[in-house]
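So you know, we letter chains A, B, ... as the sequences are listed, proteins then strands, and number each from 1.
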Amino acid sequence: MKRIVIHMFLKPEPTVKDLKGLVESAGLTLDQLLEMYYEMSLIREFEEAIGAKYYEGKNPFNMASGPIRGEMHLSSGQEAVAVGVGSNLRKEDVVVSTHRPHHHAIAKGTDVRKLAAEIFGKSTGLCGGKGGHMHLFDKEVRFSCSGIVGASFPQAAGAAFAFKYRGEDNVAVAFAGEGAANHGTFYETLNAASLWELPLILVVEDNMYADSTPKSIALATPHHFQRAMSLNIPSYLVDGMDVIDVYLATRKAVQRARSGGGPSLIEAVTYRFRGHFEGDGQEYRERDEVEMWRLMDPITRLGNRLTKLGVEKERLEERRKKAKEKVDEALKFAEESPYPEPSTALTGVFR
Amino acid sequence: MKRIVIHMFLKPEPTVKDLKGLVESAGLTLDQLLEMYYEMSLIREFEEAIGAKYYEGKNPFNMASGPIRGEMHLSSGQEAVAVGVGSNLRKEDVVVSTHRPHHHAIAKGTDVRKLAAEIFGKSTGLCGGKGGHMHLFDKEVRFSCSGIVGASFPQAAGAAFAFKYRGEDNVAVAFAGEGAANHGTFYETLNAASLWELPLILVVEDNMYADSTPKSIALATPHHFQRAMSLNIPSYLVDGMDVIDVYLATRKAVQRARSGGGPSLIEAVTYRFRGHFEGDGQEYRERDEVEMWRLMDPITRLGNRLTKLGVEKERLEERRKKAKEKVDEALKFAEESPYPEPSTALTGVFR
Amino acid sequence: MKMKGISQAIAQGIAQEMERRNDIVVLGEDVTYWGAVFGFTMGLFDKFGRKRVVDTPITEQTFMGMAVGMASVGLHPVVSLMFVDFLGAGFDQMYNHMAKNHYMSGGQFPMPVTVITAVGGGYGDAEQHSQVLYGLFAHVPGFKVVVPSNAYDAKGLTIRALRDPNPVVIFGHKLLTGLPFLPYEGEEDEVPEEPYELEFGRAIVKTEGSDLTVASVGVMVHRAMRVAEKLRKEGISVEVVDLRTLVPLDEETLSRSVKKTGRLLIVDEDYMSYGMTGEVAFRIQSRAFRELKAPIQRLTVPDVPIPFSEPLEREVIPSEAKIEAKIREMVR
Amino acid sequence: MKMKGISQAIAQGIAQEMERRNDIVVLGEDVTYWGAVFGFTMGLFDKFGRKRVVDTPITEQTFMGMAVGMASVGLHPVVSLMFVDFLGAGFDQMYNHMAKNHYMSGGQFPMPVTVITAVGGGYGDAEQHSQVLYGLFAHVPGFKVVVPSNAYDAKGLTIRALRDPNPVVIFGHKLLTGLPFLPYEGEEDEVPEEPYELEFGRAIVKTEGSDLTVASVGVMVHRAMRVAEKLRKEGISVEVVDLRTLVPLDEETLSRSVKKTGRLLIVDEDYMSYGMTGEVAFRIQSRAFRELKAPIQRLTVPDVPIPFSEPLEREVIPSEAKIEAKIREMVR
Ligand SMILES: Cc1ncc(C[n+]2csc(CCOP(=O)(O)OP(=O)(O)O)c2C)c(N)n1
Ligand SMILES: Cc1ncc(C[n+]2csc(CCOP(=O)(O)OP(=O)(O)O)c2C)c(N)n1
Ligand SMILES: [Mg+2]
Ligand SMILES: [Mg+2]
């Protein structure tokens, strides 16, 4: 089954020869690929650790208890999208993300210690504990997100507008799910970005579901990309479980944006291995489906390719281990950090 | 110039032979065409009369004074769209219109007396004077409108949903401008309507401007229709100055909708001869342009065709005269009607 | 039957009306498998299928607008706005159309729409998923605003809404849903199996007292009642009034209470300024001016977004401890 | 220089700041040829061109969201919301993001955004083009709410807004714009040519009096002043306070006035319930409880949409006649 599945995806898995050619034409070195492997591992380890912590003190399950409260949306399975895009970005570029923001934040370069601390609601967190998991802001790397579906598109467009206005060659990226792309803001932003040739990249992570709603009952078409094309925006449908495919499309989109060519859309077909949020009973999908997609785990897939390209297993394991250590350290930092002073809740509405 | 202009439009003006063929294939009789001529004349006469009344007591110009207060958006030039669509509709069908609603209302069959009275703010008006020109409601013929741009799309979709739900073969029509079609609700409604195969027809009146904003600086593309096509919705780009072209496309769309086939889009290229609203200085367009479009006046154009098809001038004039009489009578009715009791302002929020 | 929480009560009310009538259609995000996340539509999908229980794309403006269109031709849509916080994505269709079309059309177009939305914080979901915002709906004319505090009220008020030819917004507090994944601050209530209606605009005295009146809605009613219970043992006699609906507002019951106690504390989970507390205070100072022994006071979310971290969230949402302290201060 | 109306004043304020600073960009519908319809951006297109004065497609949610994004990387967008009535098409980006991001980001992301919007009725434009709605913005935390009543204030408050690192919404009443196509209810004001700032949160006593205080903003200030003028001749002494900004609200000035007069009438063009009047009343009953001789009263738009027809519109929007009657009733 494993072989079959991999081969039935967007493109057939390349032979070693074709893989070498692909990597070369992408202008990627093995070291860069290893770095992507590390980044994806860092995200996965981070979220697995957060996921585990989230359930502490939640037996029976209750969102309000335990060291991490509220909703928790993890991205396991979608790491290749974040890293394939993020590898093309600079610190000055803007990323606006969603209710499912960890992978984007880490791929943009947010310090995982501050990220973890924010998720724990600690004073050392990115926002001093005010934001939490769904409202992450990191001015340092120009990252922000919102728990409101569809909100990321225009905000990134606004940043792109500012870059163009000031003659800077930065780009702005909005991430959103395939559910969010049904929202009017997607269309409005596409029109504005195309019209004004904004250095904007919209990345739609099509993980097949919006909450409990499969895309078959929410989209009139199988994909979104042709909607953007109808607005004269170059649009890429990519294999979101293949970091190289995401990287390649993003490279073109970023080049276009930086050089004044205008916006692009990247639609990445992907899957979330976990529920929409933690605690999700997942009545809306079959277990088999999840299992099938797990066979395409983007981290394993890249690992296999690296092995095929001659990288020793040890080097991969070493990267994975380093990622885990970094995550352990971040969680330790977060857990040991103090909570914010209650009085800080009353300040900061206005500057 | 006249000849040239007419020939440079969407399609060349047909020869008499081709015209006969066209009318035949449309299944239209001369009487029906004469009726359309009458309807269009009625709209034109109505709006010219309202336009003239509007300026009474407004010298110097002040929106708050005179017998008709507030903004006034007239449709002169766009009559073919309203009538081409309206001729395909039944009383039970729903029409949801915009801030520029008179032509749609009349084409849907609203009583011009009650319409005029409402515009004058009289108790005998459609809404007892509460609505006025931009908020016309006529339950009798299932007509409503809204001054909020983009609001018509989902409301018509809701009515279409109800028809389908109850197994009725009525259709719902949303009118909107090319400016409104940039709004997110357009896209959201297209997706929902396509997804649920609603008996919905979206009619975009592309009159080149949204307020003072030419479409060249608001649309990333020359037209909207391909946006709807990207959502699998059959879409017609029609000559909005040619009632037969509008009629033909609408006939297909209505057939499709009534028989359960789902939504269609009709994008009608047209022009408003007057300003966006009365009092508009029209700094944003050249006078020549207006003059050029006036050469394509849809009423004159249909009149010319009817003459070519052998209808005597007198019959046309007689229709026009009848329209004028009806309008005169409606305005008389409106002017003579009493204002509503002030106390009625305080009732009717809740039923 | 015994019932824990408002979700089951609301869902039961809808189901019973749907059985009787074909004009009711439920729509919104995740109203099938997930019962609108907070259970207000749970079980309806199994009973009535996708024809009458419709998952929409994530398009608030559009499905709210569709509800307007549906109502205009005789359906009675029940629309889920998953969290009230999302109103901004669809507010135009609500306050400019749903709320106004009956009036503006001179009575031609009734708008029988029932909107059900989840509100409130206290479980760590922060600013965009913890607001209450009924103040916004209560301010614009044309909505009836219902905030049930218990299962019995929730069912009766829901059925009332479904028989009302006007737009009604039901604000269900998450901490009163009775769902296992959230804290529960209510009681077990006795709820009749058969359908019944409760009238709008009828406040209810939940706890009688003579020293001070607390006016409130939703989860705050329970907090106030627990504080009243505690203080009673110390000889401080607090009367707790559950307003139940903000529009229409039962000034009569509340002012009767304030005339008796002479003191009013309004406890509210919405933002402090320009909202519910100011309005209630206005009406009462106007009706009980002579009887008031001291200025009306309020305990609300100070004008800040709801922060995430537990100590911060606890600082801004009125707690039992804060209610108690405020009452002690007022009766001193 | 002499100036008639707030539009010229606001536009001049923006122009002067734009000359000094490159970070200001103006965007919205019809902000070029039409100066945002109500003149708030008139002349800017000629001076600064399309690069800095940007007509947007009709997409409120998107251009409001763009303003959030622009502000996040250091621009100071000036956004036109043509009529406040259209807020529903873009409210989410306003109250959930623009207003909150500074707080939620722990102070990392200031949101220097100035929104300018036209409000008010009285010229026959009906429900969807005649609202005031500042109550909605004043209720949700994170906006400063500015309602200028004259050209001098308008210019100074606009420049203040453009130097404020926070979201400020300026509500310009159409009947104070001074544009030829609308009635004008203001005066000619002396407005300094050079730029100047006025502080937020400073109410101003427009007319001194001792029998009763009228609190108001915008066009109602003028109506109240004219009534005060008239009644003075009869020996009824009315003090008129122009609040100027609702957030922050200058309770100090108003309560000082009420402590003196003992009577407060709040006159407001927004909807009556759950809005401005309740809030102002709350604050004053709390600060001037002992000094109040009678209940605070209000004159507002009763809770109905603004109807079209002149006699109906006149019935619901507070007029001089209604203000006068109310004052007479209160001082009797
Ligand atoms: C305006 C708005 N409507 C609804 C929601 C509730 N909601 C949160 S996540 C979600 C599904 C999003 O699906 P998608 O965009 O595909 O992203 P995914 O969760 O799959 O990553 C919904 C409906 C919201 N947060 N905001
Ligand atoms: C949500 C909203 N935004 C802005 C406006 C102001 N407005 C009224 S008409 C109009 C232009 C509409 O243009 P279009 O849709 O092309 O229709 P047309 O006037 O050309 O018939 C605008 C911007 C409005 N009424 N509603
Ligand atoms: Mg998804
Ligand atoms: Mg147009």
[X] and [Y]: side-chain donor and acceptor closer than 3.5 Å?
| X | Y | value |
| --- | --- | --- |
| A:Q78 | A:H104 | no |
| A:H276 | A:E71 | no |
| A:Q226 | A:S235 | no |
| A:E289 | A:Y271 | yes |
| C:Q128 | C:D85 | no |
| C:D268 | C:T277 | no |
| C:K174 | C:Y123 | yes |

* Less than 4.0 Å between a side-chain N and a carboxylate O, is that true for A:K332 and A:E335? ->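 Between A:K332 and A:E335 there is no salt bridge, as every charged N stays at least 4.0 Å from the carboxylate O atoms.
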
* Asked: Could C:K322 and C:E315 be called an ion pair, given the rule that one side-chain N must be under 4.0 Å from one carboxylate O?
  ->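 Salt bridge present between C:K322 and C:E315.
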
Look at atom [atom1] of [X] and say whether more than 12 heavy atoms of other residues, nucleotides or ligands are closer to it than 6.0 Å.
| X | atom1 | result |
| --- | --- | --- |
| A:M208 | CE | yes |
| A:E286 | CD | no |
| A:E140 | CD | no |

Would you mind checking which part of [X] comes under 4.5 Å of any heavy atom in chain C, side chain (CB onward), backbone (N, CA, C, O), both or neither?
| X | result |
| --- | --- |
| A:Y209 | neither |
| A:A180 | backbone |
| A:H135 | side chain |
| A:P60 | neither |

Heavy-atom contact with chain A under 4.5 Å, split by part of [X]:
| X | result |
| --- | --- |
| C:P180 | backbone |
| C:V316 | side chain |
| C:E60 | both |

* Indicate yes or no: at least one non-hydrogen side-chain atom of A:I266 is less than 4.5 angstrom from one of A:F175. =>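 Of all side-chain heavy-atom pairs linking A:F175 with A:I266, none is under 4.5 Å.
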
* Asked: With side chains defined as the heavy atoms from C-beta onward, is the minimum distance between C:R223 and C:I317 less than 4.5 Å?
  ->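 Of all side-chain heavy-atom pairs linking C:I317 with C:R223, at least one is under 4.5 Å.
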
* Within residues 305-312 of chain C, which positions have a heavy-atom distance to chain A below 4.5 Å? ->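 Heavy-atom contacts from residues 305-312 of chain C to chain A are C:P305, C:P307, C:F308, C:S309, C:E310, C:P311, C:L312.
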
* Sorted by number, residues from residues 47-59 of chain C in contact with chain A (heavy atoms, under 4.5 Å) ->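 Heavy-atom contacts from residues 47-59 of chain C to chain A are C:R50, C:D55, C:P57, C:I58, C:T59.
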
Looking at [options], which one has more heavy-atom pairs under 4.5 Å with chain C than the rest?
| options | value |
| --- | --- |
| A:E341, A:K215, A:K130 | A:K130 |
| A:S343, A:S146, A:G184, A:A181 | A:S146 |
| A:G348, A:S212, A:G131, A:G70 | A:S212 |

* Asked: chain A: which of C:W34, C:F86, C:F181 shares the most heavy-atom pairs with it under 4.5 Å?
  ->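 It is C:W34.
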
* Asked: Looking at C:P183, C:A126, C:S130, which one has more heavy-atom pairs under 4.5 Å with chain A than the rest?
  ->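 Of C:P183, C:A126, C:S130, C:P183 has the most heavy-atom pairs under 4.5 Å with chain A.
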
* To do: Give the intermediate values and the outcome of side-chain contact (heavy atoms from CB on, under 4.5 Å) for residues A:D211 and C:M82.
  => CA-CA 11 Å; A:D211 285 355; C:M82 190 190 294; 3.3 Å; yes

